[in-house]
2 protein chains.
Amino acid sequence: MPLTHHLSPVQVAEILRVHQSTVKRWVDDGTIPASKTPGGHRKIALADLLRLVRERKLPSVSVDLSVVERYSSGLDLAAQPLDTLRSNLRDAMSANYPTRVHQLLLRCFQAGMTIEQMGDDLIQPVMEEIGKAWVSGQTDVAQEHLGTSYLHAALIDLRNRLLPIDGIPRPVALGACPEGDFYSLGNLLVELLLLQNGWQVINIGPNTPAASLAHMMERQQAKLVWLTCSYLQDPERFVNECNQLHHKATELGTQLFLGGQALTTEVRRKLHYHWIGESLSQFSLAAKRLLPLSGANPQ
Amino acid sequence: MPLTHHLSPVQVAEILRVHQSTVKRWVDDGTIPASKTPGGHRKIALADLLRLVRERKLPSVSVDLSVVERYSSGLDLAAQPLDTLRSNLRDAMSANYPTRVHQLLLRCFQAGMTIEQMGDDLIQPVMEEIGKAWVSGQTDVAQEHLGTSYLHAALIDLRNRLLPIDGIPRPVALGACPEGDFYSLGNLLVELLLLQNGWQVINIGPNTPAASLAHMMERQQAKLVWLTCSYLQDPERFVNECNQLHHKATELGTQLFLGGQALTTEVRRKLHYHWIGESLSQFSLAAKRLLPLSGANPQ
DNA sequence: CCGAAAATCGTTCAATTCGATCTTTTCGCC
DNA sequence: GGCGAAAAGATCGAATTGAACGATTTTCGG
């Protein structure tokens, strides 16, 4: 059921499209975590491998998804075109079938899709469609709630899989949604993204007062603080509090990142920040620049 | 599948993800300590196996923990006194340590604790303590948010474990929090409870308009509809909508169950319902009374 | 207590992997 | 462009692991 198969160097070589000797070397020098049998055979966990691929820790390799599929115990879909995935996701969210939503995202994840891809190309468009259907009266608000909660549960499962298992200290990222904003999906995606990129993440979640966030920022010595704004209860007050936060962050040497659909052009004009953007891909790039460079970073 | 301390080579092979022949060879050459029955069958102690795994003497990058759990559940620390569990949970929620919260609840679950016990005797008291600490200014609101989100994530994982895997049709229970109520923890516990008791559950979640719930109730032919009320934005309006819901439910032969701390005595006096209560244990009993009836519901 | 079904044993043999060595490719540098 | 070092690919005998099969032991009802 759980697909944490152990692979041999030959199988991994096939997936990564490199020679088996190369895989053996990467295992021996610690690039790929693996264990050994008493007889000396290397065993590599598929989950570990895909995690490395997502983190881009492997020097410029392309993953052969069809091979991954073969080794992940009879998984079908992996390399489906995006629009098929999208319509599948929309159907699963509309039907009362939480498991299907969960499986769909899990398989994308285990096939090596990055969080920013899942967010920008899969979840974002689907949520937009559902939102339109709701506004135009084609869908009930309950149906929209329900689908969203399925998505939410699936993402929380992914988060559990992204949590670091080692005790290696990581730079701290701290984030939340502003007060009055109860929409947690986008914020959760940001959390997943940062986890994937090797941060230690503290996500306070929806409806967090700015003062409380500022206090936490100081106590945790966060390198990065983000705010996901899907809805602004009181734009003017938000602008004030956010600018105070920016001031304090600058003093502490912390970067303040902003995102979310509620930050319209008018609001942005009055805001101070260190970075602002729309897509998760942009966010990912900006956040990566804050990380101490470790290992190979080609391209 | 009894829970034993002693495993056969096949079971060990399953855990280590190697062939059973290999396990037999490792036992024979002394790599894995084992005893033998008079007839010559090898018996391997789980404790020995896990010790070797920890010492990196066996392939173990990611031991298939779900398999280990199946053989080891109920072995270690199962019956701790409740107040110890409570203080452990409070500590884990106060520290930034989501995994500890998760593990704690998971172990309670796997040790056979029911959802109503976990809710009434563990989570409810701890949340109350944290709430008091927050009101009295001892804790930051962010810390309270954070701990709650850890709890929420752990409960969602439990829900995934409770989801029915068979296709057997079950009676439908439908529920939500009223409009303006964004507190989802209690509602989630109700969902878990009903899943545990064999219902098919549709939980629309926080902030659901009563009209939308009524519509869904009709479409899904729910036998049970519940509302978890932690906060009432507009008590008078809620009373009106809830009573309309009760009327429609009665017409459809659906039972309307109410619960939550926001339903004070004054509010209750004006409400119509088929059941109301405070604890999950009471809820569980009331819901169980609806279960054996199947098919005796003429339109 | 008995008999049948399931699980395990011990053995043999094929398939895979190891480790070491060597050749080829890639990349930075002058 | 040439050159040296580092990384990647190729090869091969020895060792390890996986698979198959009849014989034996254990389990489970009646």
Side-chain angles (χ1 to χ4, degrees), chain A residues 3-49 52-53 55-64 66-74 293-299, chain B residues 1-46 48-49 52-53 55-64 67-68 70-72:
Chain A
L3 340 117
T4 55
H5 270 167
H6 279 169
L7 307 176
S8 74
V10 173
Q11 294 173 309
V12 172
E14 207 177 339
I15 290 177
L16 299 180
R17 300 188 215 260
V18 294
H19 196 269
Q20 62 175 90
S21 297
T22 306
V23 173
K24 288 197 282 187
R25 200 179 317 107
W26 285 347
V27 167
D28 292 343
D29 67 18
T31 306
I32 299 178
S35 59
K36 283 198 173 185
T37 67
H41 283 202
R42 301 167 181 87
K43 296 279 179 180
I44 299 147
L46 178 59
D48 285 337
L49 183 68
L52 290 180
V53 170
E55 292 171 2
R56 305 258 192 270
K57 291 284 172 60
L58 296 179
S60 61
V61 292
S62 64
V63 177
D64 189 337
S66 66
V67 180
V68 172
E69 213 175 291
R70 172 145 34 100
Y71 292 135
S72 41
S73 72
L293 295 176
S294 66
N297 207 353
Q299 201 173 12
Chain B
M1 36 197 98
L3 311 165
T4 56
H5 299 72
H6 296 287
L7 310 176
S8 75
V10 173
Q11 293 172 311
V12 173
E14 194 183 348
I15 290 176
L16 298 179
R17 294 206 178 272
V18 294
H19 198 269
Q20 61 177 91
S21 298
T22 307
V23 174
K24 289 193 285 188
R25 199 178 315 106
W26 289 347
V27 168
D28 292 344
D29 66 20
T31 306
I32 301 178
S35 55
K36 282 200 175 185
T37 67
H41 283 200
R42 302 168 182 86
K43 291 295 169 188
I44 298 143
L46 178 62
D48 287 337
L49 186 69
L52 289 176
V53 165
E55 291 170 4
R56 317 262 171 200
K57 292 293 181 181
L58 293 175
S60 66
V61 165
S62 67
V63 176
D64 191 333
V67 181
V68 175
R70 198 158 72 231
Y71 297 128
S72 70

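First the proteins, then the strands, lettered A, B, ... as listed; each starts at 1. Since we're looking at a predicted model, the values are computed, not measured.
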_Residue mapping more 5' on DNA chain C - nearest nucleotide basis, A/Arg42 or B/Pro9_ = B/Pro9
*asked:* Does D/dA19 have its OP1 or OP2 closer than 4.0 Å to a side-chain nitrogen or oxygen of B/His19?
replied: yes
*Between atom NE2 of B/His41 and atom NE2 of B/His6, what is the distance when rounded to the nearest 0.5 Å?*
15.5 Å
*asked:* For C/dG19 and A/Lys36 - does any side-chain N or O of the residue sit under 4.0 Å from the phosphate oxygens OP1/OP2?
replied: yes
*Would you kindly give the CD-to-P distance between A/Gln11 and D/dG18, to the nearest whole Å?*
11 Å
_Quick check: closest heavy atoms across A/Ala34 and A/Ile44, and the distance to 0.1 Å?_
CB-CG1, 3.7 Å
*Take the protein atom CG of A/Leu16 and the nucleotide atom P of D/dG9, then report the distance between them rounded to whole Å.*
10 Å
*A/Leu7 CG - C/dT17 P separation (whole Å)*: 10 Å
*Under 3.5 Å donor-acceptor pair, B/Ser21 side-chain atoms to D/dA19 base atoms*: yes
*asked:* What is the distance, to the nearest angstrom, from the NZ atom on B/Lys24 to the C1' atom on C/dA7?
replied: 10 Å
_Please tell me if A/Lys43 has a side-chain N or O lying less than 4.0 Å from either OP1 or OP2 of C/dT16._
no
*Determine whether B/Val18 and B/Trp26 make a side-chain contact, defined as any pair of heavy atoms from C-beta on separated by less than 4.5 Å.*
yes
*asked:* Output the rounded distance in Å from CD1 (A/Ile32) to P (D/dA7).
replied: 15 Å
*asked:* Quick check on D/dT26: is either OP1 or OP2 less than 4.0 Å from any side-chain nitrogen or oxygen of B/Thr37?
replied: yes
*Would you kindly give the CG-to-P distance between B/Asp28 and D/dT16, to the nearest whole Å?*
15 Å
*Would a 4.5 Å heavy-atom cut-off, applied to side chains only, mark B/Ile32 and B/Leu58 as touching?*
yes
*Below 4.0 Å: OP1/OP2 of D/dA8 and any side-chain N or O of A/Trp26*: yes
*To the nearest Å, give me how far apart CD (A/Gln20) and P (D/dA10) are.*
9 Å
*Can a donor-acceptor pair under 3.5 Å be found between the side-chain atoms of A/Arg25 and the base atoms of D/dA7?*
no
_Interatomic distance, B/Asp29 CG vs D/dA15 C1' [rounded to whole Å]_ = 13 Å
*Could you state the interatomic distance from CG (B/Leu16) to OG1 (A/Thr37), rounded to the nearest 0.5 Å?*
10.5 Å
